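Lettering follows sequence order; numbering is per chain, from 1. Hydrogens, waters and symmetry mates are skipped; everything else that's a heavy atom, side chains included, is used. All figures in this text were calculated on a predicted structure; none of them were measured in a lab.
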Number of protein chains: 2
Amino acid sequence: MTKQFDDTSSQFDHPCPIRDVLDRIGDQWSLLILKTLENRTIRFTALHKEIGDISRQMLSRTLKKLEKDGYIVRTIYAETPPRVEYALSDLGQSFLKPMNALITWANDNHKAINLARRKS
Amino acid sequence: MTKQFDDTSSQFDHPCPIRDVLDRIGDQWSLLILKTLENRTIRFTALHKEIGDISRQMLSRTLKKLEKDGYIVRTIYAETPPRVEYALSDLGQSFLKPMNALITWANDNHKAINLARRKS
DNA sequence: CAGGATCCGCTCGGATACTG
DNA sequence: CAGTATCCGAGCGGATCCTG
């Protein structure tokens, strides 16, 4: 148990699987994008509008990373103008199960946290 | 649902509780520290040694932030040399429940993710 | 429409040195 | 022992402009 997060095991495979996985989706946008893709397929621009405060640059980068890690599936339709749709893969969907539990927790407890924060 | 992460609701309270909470523990060390504190009380230097690759600077900063948000409790003993012990608060313990589900998921799926990653 | 390329500021986080 | 102060580099992420 105490070694779950240990970082000194191997040289080739990533030392700690948990840090390996969580560090990559711990950026500012990954979780939000995955959650926004839940139960639907959506195009790049629509996703951009829905999230609102993300730059197209970061949306593109983050989608690419999530695709590379296997969380999402990108489908290109050979049309003009081009159409590209994003959806969760099976892996992405399975990830949202524990993630939704965390989201629920955050919803339930953010008031307590803000209260503690203000007490300084 | 689609508005869970929305960022345009209010001006005073944080717009999105989920982003509010998750953004703050989404740094490099918070989750690892909380997990390391699970089911025990531990001193600063012991914590530092156990995590290994964190600087004392960041350990101190992150502990302070986690304490301020109410996740952990800091107890000072008036001795010489000084002794300070850290432990999870009730909030911190309750947070680890959904978090552990995520950790389990990461453990179960990191191989699939690394495989997808290497297929490029 | 769906992005890539470029530039650039800002924050995260490490190293080191110092303090009560 | 348990931190704080200072300095600094690397990379995240935004803005803008360009392309197929």
Side-chain angles (χ1 to χ4, degrees), chain A residues 5 7-8 15-16 19-20 22-34 36-37 40-69 72-87 120, chain B residues 5 7-8 14-16 19-34 36-37 40-69 72-87 120:
Chain A
F5 276 93
D7 206 355
T8 56
C16 174
R19 291 173 72 171
D20 181 33
L22 298 187
D23 282 357
R24 296 203 164 226
I25 52 170
D27 59 66
Q28 196 177 346
W29 299 114
S30 291
L31 296 179
L32 179 52
I33 290 173
L34 289 175
T36 306
L37 287 178
R40 63 166 161 176
T41 293
I42 187 170
R43 301 176 65 172
F44 184 86
T45 300
L47 192 51
H48 183 235
K49 283 182 186 170
E50 178 137 345
I51 295 182
D53 57 341
I54 191 175
S55 68
R56 300 228 310 266
Q57 168 87 289
M58 283 313 297
L59 180 57
S60 176
R61 279 192 206 168
T62 310
L63 284 170
K64 226 177 245 314
K65 189 188 64 180
L66 292 175
E67 187 197 3
K68 178 164 184 173
D69 280 10
I72 63 179
V73 176
R74 181 171 174 266
T75 310
I76 312 167
Y77 296 88
E79 306 172 355
T80 47
R83 183 159 59 103
V84 178
E85 291 187 338
Y86 294 92
S120 202
Chain B
F5 276 91
D7 206 351
T8 57
H14 191 93
C16 174
R19 290 171 71 171
D20 182 32
V21 172
L22 298 187
D23 282 358
R24 294 201 167 227
I25 52 170
D27 59 67
Q28 197 177 345
W29 299 112
S30 290
L31 297 179
L32 179 53
I33 290 174
L34 289 175
T36 306
L37 287 177
R40 62 166 162 177
T41 293
I42 187 171
R43 301 176 67 171
F44 184 87
T45 299
L47 192 50
H48 184 234
K49 283 181 187 169
E50 177 136 346
I51 295 183
D53 57 343
I54 190 174
S55 67
R56 300 224 315 266
Q57 167 88 287
M58 282 313 299
L59 180 57
S60 175
R61 280 191 204 168
T62 309
L63 285 170
K64 227 177 242 314
K65 189 187 65 179
L66 291 175
E67 186 196 5
K68 179 164 185 173
D69 281 9
I72 64 178
V73 176
R74 180 170 174 269
T75 310
I76 312 167
Y77 296 87
E79 307 172 353
T80 47
R83 182 159 59 104
V84 179
E85 292 188 336
Y86 294 91
S120 205

Sub-4.5 Å side-chain heavy-atom contact between L22(B) and I25(B):
yes
Just report the end-to-end axis angle for the helix from dC1(C)-dG20(D) to dG20(C)-dC1(D), five pairs per end, to 10 degrees.
50°
What donor-acceptor contacts under 3.5 angstrom involve side-chain atoms of residues 55-63 of chain B, with partners at least two apart or in another chain?
unit_1, atom_1, unit_2, atom_2, d
S55(B), OG, M58(B), N, 3.2
T62(B), OG1, M58(B), O, 2.7

Can you pull out the residues from residues 73-83 of chain B that lie within a 4.0 Å heavy-atom distance of DNA chain D?
R74(B), P81(B), P82(B), R83(B)
Between the side chain of K65(B) and the main-chain N/O of S30(B), is any donor-acceptor distance below 3.5 Å?
no
Mind checking the CD1-CG spacing from I33(B) to D27(B)? Nearest 0.5 Å is all I need.
7.5 Å
How would you list, by chain and number, every residue that makes a side chain to side chain contact (heavy atoms under 4.5 Å, CB included) with T45(B), sequence neighbours excluded?
K49(B)
Rounded distance (Å) that lies between atom C1' of dC1(D) and atom NZ of K49(B):
11 Å
What residues form a side-chain hydrogen bond (donor to acceptor under 3.5 Å, both in side chains) with D69(B), not counting sequence neighbours?
R117(A)
Result of checking L34(B), T36(B), D53(B) against W29(B) for side chain to side chain contact (heavy atoms under 4.5 Å, CB included)
D53(B)
Using the heavy-atom set of chain A and a strict 4.0 Å cut-off, write down the first and last nucleotide of DNA chain C that makes it in, 5' to 3'.
dC1(C) to dT6(C)
Close N/O contacts between protein and nucleotides 13-17 of chain D (under 3.5 Å):
unit_1, atom_1, unit_2, atom_2, d
dG13(D), OP1, Q28(A), N, 3.0
dG13(D), N7, R61(A), NH1, 3.1
dG14(D), OP2, S55(A), OG, 3.2
dA15(D), N6, Q57(A), NE2, 2.9

Partners of R83(B) by salt bridge (Lys or Arg N to Asp or Glu O under 4.0 Å), sequence neighbours excluded?
E79(B), E85(B)
